[in-house]
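Note that the structure is a prediction, hence the values are computed from the model and not measured.
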Amino acid sequence: MAVEDGVSAVAGPRRQRMPEGWYPCPSGSPQLRYWTGSAWTERTRPDLVSWVHGDRVLDAPGVFAYGRNPDESEGGRPGPLEPHIWRRARLALYLFLPIYLAALLPLGLLLSYLKLPADNVLALLIVLVGVGGYGRWHIVARWLWLRYRPEPKPPAPVPKPRPDLWADLREAGFADAARRLDEEVATGELTDVDYVRVARVVQRTARQNGLAELEPIAVAIQEQGGGAFLHSSGQRDLPMPRLVQHDLVTGQARLGVAAETDRNPATHQKEWFALDTEVLRTSMLVVGPPGAGKTRSFARPIIELLGLQTLVGMASVVVIDPTGSAFDARQLPDFFDVDIDPNAEPGPGSWGFDLFGGASGPEEAADRLAGAVLPPDTAVHDPAVDSAARNTLYTVIAEFHERNGRYPLLRELLDLVQTQSPVPLLNERLRLLDRPQLIDLFDGRPRKFSMRDIDRPLRVRIALPEGSSPQAARILARLAIAQFVQVVAAPEANREVFKGLIVDEAGRFVDEYVVQGLQRARAANAGIVLLAQSLAQFPEHLRSAVFTGTGCKAVFAGVEPADARYFADYWGTSWAAETTVTTGTATTTTSGHMSTPGSPGRFGRGGEKSVVQSLTGSTSTQYNRAVSTRAVERYVWSPSDIINEVPVGHALISLATPDGIRTPPVLVNLRA
């Protein structure tokens, strides 16, 4: 019915068929939907004008800024008043009359001494001001007015002015280029990706070189419109429907909604929860059991976010896919610019991997390769073997590089190490790479990816051959991660491009160099996202360093108790009031008189008592009740809370920014 309505609304009485393209959504939503020429698809995108000028409030990490009205809080009802103010106000109210009566005579004498009329009204005002000031009555009165005042009649909405999207071009005298872009906006051809990409180029050129240097930019826009300055893939949007909502103005991806619970900070309750590259710069650790939703709820939205940032020229992303199926062409069709898959059939379109990509010299190349080939705990348990293996690799690679002016191929390296290495462990580990598919990956394919290429906007997927060669797959993953760290930390790295690394099942691939890279990435405009089923998958001697090296944390429902304890200790404790109520009875036997009911009175500190005496015999029973309050230190989220109180489909997430701002853990509904 929606399709038929959409056709009739656009086609009109002449029943003309709409050409393929983007049109206003027939449901009436403020977005565009893609029409194939015969049917509506599920592909939607924001209406550009309403999106660019939509309301945004960017005030706290993790809160989705788009759609929040900065004036929404003005005129709203205030929250509950602080309890200590209520206590002072009540106490002052109780004391007002006794103080007034007690002050009548002294105030009368004082006024007579000052030769002023002894007026009871004047005395009343003096006591009222003094007692009311102590009781904060002016604060309470203002709060009561704001809380219970009559609702004002809302003013008529004033339409927001429509600013010029291309003011810089028009100011520089290139009205034709601006008009070309306005025409594409009107027809729905210009995407949000096009807008951010073109506006970024125009604004950066105007800022760095002045408006006078915009002529070549304007010429390109006038010729190509929104297709100017395209990414090398030629894509003007993601090639598949977006899984989550994105706001390219703020660079945020919306994950879910913060639950309405008192345990969440007030700044996040009921707000949409989002991630951006600013918080990803501090790197992220995501822990959850299989099936908890790590891939769909975290990895996929972050990949989409960085993919969109790549298309506008601001980021590059490398994805390590251990299973080879989580992010393949069936899940993300035509998404990656470089798809490295050892399991794929060799062909002219397949990509290889540079064994020494990113190395600035033989020493660095040998060190990175040794770190990937040797087991992660070799340096801890057998430092002599680790040192000998690194020295051997350096000698072999340096001699070959000096002799041939290049680094050895994998087959050449295997032969050289086999004949020259005195370290059996190195020979054994390198032989794990002696597989036909890996020899073809490193040596045989016509196109070869070097990690240095991520200095420009690029989307890369590296699948691992875990099914056929699990040990070799781990070597390949550690090598790729080490090269990523090596490239982002290099002095010559392009800091204008954010570089993101997403590693699924990361516990098996982390070594000491990667842990060091977690700290280096923050200053290098890069970030690493590590997803794992449990912290136990990480090497024991690196577990604590990995946990503290990542600024952002996320834990899903169903984690192990040991993992819950890590997160509980990290999020720490807070002071809370604990109230203890103690009750008891005492029976007294006397003679010679009849007992009568007693009156209530205080018993102990902060307590009260009532005495009830029996009217028969001489036995009296005393009932005691004592109430005490003390400050105690408790977990913000205890291990038991994390295990039992995080519902399915939810995650506890805390964020950090590079400038030191941290959010408390927020319970987020990822299925909202």
Side-chain angles (χ1 to χ4, degrees), residues 30-31 44-46 50-70 72-73 192-193 195-196 238 241-261 264-286 288 293-312 314-315 317 498 500 502 525 527-529 531 550-556 646 649-659 661-672:
Q31 61 185 7
T44 60
R45 73 179 190 214
S50 60
W51 169 71
V52 171
H53 304 303
D55 293 324
R56 289 177 177 84
V57 178
L58 192 61
D59 56 357
V63 179
F64 193 61
Y66 179 68
R68 299 178 64 203
N69 190 342
E72 201 170 60
S73 61
D192 55 345
V193 175
Y195 169 76
V196 174
L238 294 182
R242 302 178 186 181
L243 182 65
V244 299
Q245 183 180 354
H246 295 265
D247 181 26
L248 290 179
V249 170
T250 57
Q252 291 181 305
R254 197 178 76 180
L255 299 187
V257 64
E260 186 180 0
T261 170
N264 276 347
T267 53
H268 290 71
Q269 284 186 30
K270 298 187 293 183
E271 298 285 355
W272 289 109
F273 193 86
L275 295 178
D276 55 38
T277 55
E278 187 67 10
V279 298
L280 292 180
R281 277 180 57 191
T282 64
S283 295
M284 188 170 209
L285 176 65
V286 183
K294 300 188 301 298
T295 301
R296 180 178 176 83
S297 302
F298 270 88
R300 174 71 181 272
I302 293 174
I303 291 172
E304 280 188 3
L305 166 66
L306 297 182
L308 289 168
Q309 295 288 313
T310 299
L311 293 181
V312 301
M314 299 176 64
V317 57
F498 176 86
I502 294 95
N525 194 25
I528 301 175
V529 180
L531 299 102
T550 49
C552 302
K553 307 286 191 300
V555 58
F556 282 75
V646 177
H650 291 62
L652 270 176
I653 310 171
S654 65
L655 302 179
T657 62
D659 53 2
I661 298 175
R662 293 183 178 271
T663 67
V666 181
L667 182 63
V668 180
N669 182 1
L670 299 171
R671 297 180 179 178

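At least one side-chain heavy atom of L305 sits less than 4.5 Å from a side-chain heavy atom of L280. Side chains of I653 and M284 form a contact here, defined as non-hydrogen atoms less than 4.5 Å apart. When side chains are defined from C-beta on, I302 counts as touching L275, because their heavy atoms get closer than 4.5 Å. Taking 4.5 Å as the limit, some side-chain heavy atom of V244 sits within range of a side-chain heavy atom of E304. Under the 4.5 Å side-chain criterion, counting only non-hydrogen atoms from C-beta, R296 is in contact with L243. The side-chain heavy atoms of I502 and F298, taken from C-beta on, include no pair separated by under 4.5 Å. Side-chain atoms of L311 and L238, non-hydrogen and from C-beta on, do get closer than 4.5 Å to each other. Inter-residue side-chain proximity for V529 and L531 is flagged as met; some heavy-atom pair is nearer than 4.5 Å.
Applying the side-chain contact (heavy atoms from CB on, under 4.5 Å) rule to P241 yields the partners R43; only residues at least two apart in sequence or on another chain are considered. By the side-chain contact (heavy atoms from CB on, under 4.5 Å) test, S297 is found to be paired with F556, L670, residues two or more places apart in sequence or in another chain being considered. The side-chain hydrogen bond (donor to acceptor under 3.5 Å, both in side chains) test applied to Q309 returns no partner, not counting sequence neighbours. When the ring pair (Phe, Tyr, Trp, His ring centres under 6.0 Å) test is applied to Y195, the partners found at least two apart in sequence or on another chain are W166. Evaluation of the side-chain contact (heavy atoms from CB on, under 4.5 Å) rule for E271 yields V63, R68 as partners, not counting sequence neighbours. For F64, there are no ring pair (Phe, Tyr, Trp, His ring centres under 6.0 Å) partners at least two apart in sequence or on another chain.
The only member of T282, T663, L285 that meets side chain to side chain contact (heavy atoms under 4.5 Å, CB included) when paired with C552 is T282.
Annotation for A65 and Q252: closest pair N-OE1, 2.9 Å, computed over non-hydrogen atoms. The minimum heavy-atom distance linking T657 with P61 is given by the pair CG2-CG, 3.8 Å.
Side-chain atoms of S283 come within 3.5 Å of backbone N or O of I528 as a donor-acceptor pair. Side-chain atoms of K553 do not come within 3.5 Å of backbone N or O of S654 as any donor-acceptor pair.
For the residue pair N264 / T261, no side-chain donor-acceptor distance below 3.5 Å is found, with atom types taken as modelled.
For the pair D276 and R254, the salt-bridge criterion is not met [side-chain N within less than 4.0 Å of a carboxylate O].
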List the steps and the verdict of salt bridge (charged side-chain N to carboxylate O under 4.0 Å, His left out) for R281 and D659. CA-CA 10 Å; R281 277 180 57 191; D659 53 2; over 6 Å; no
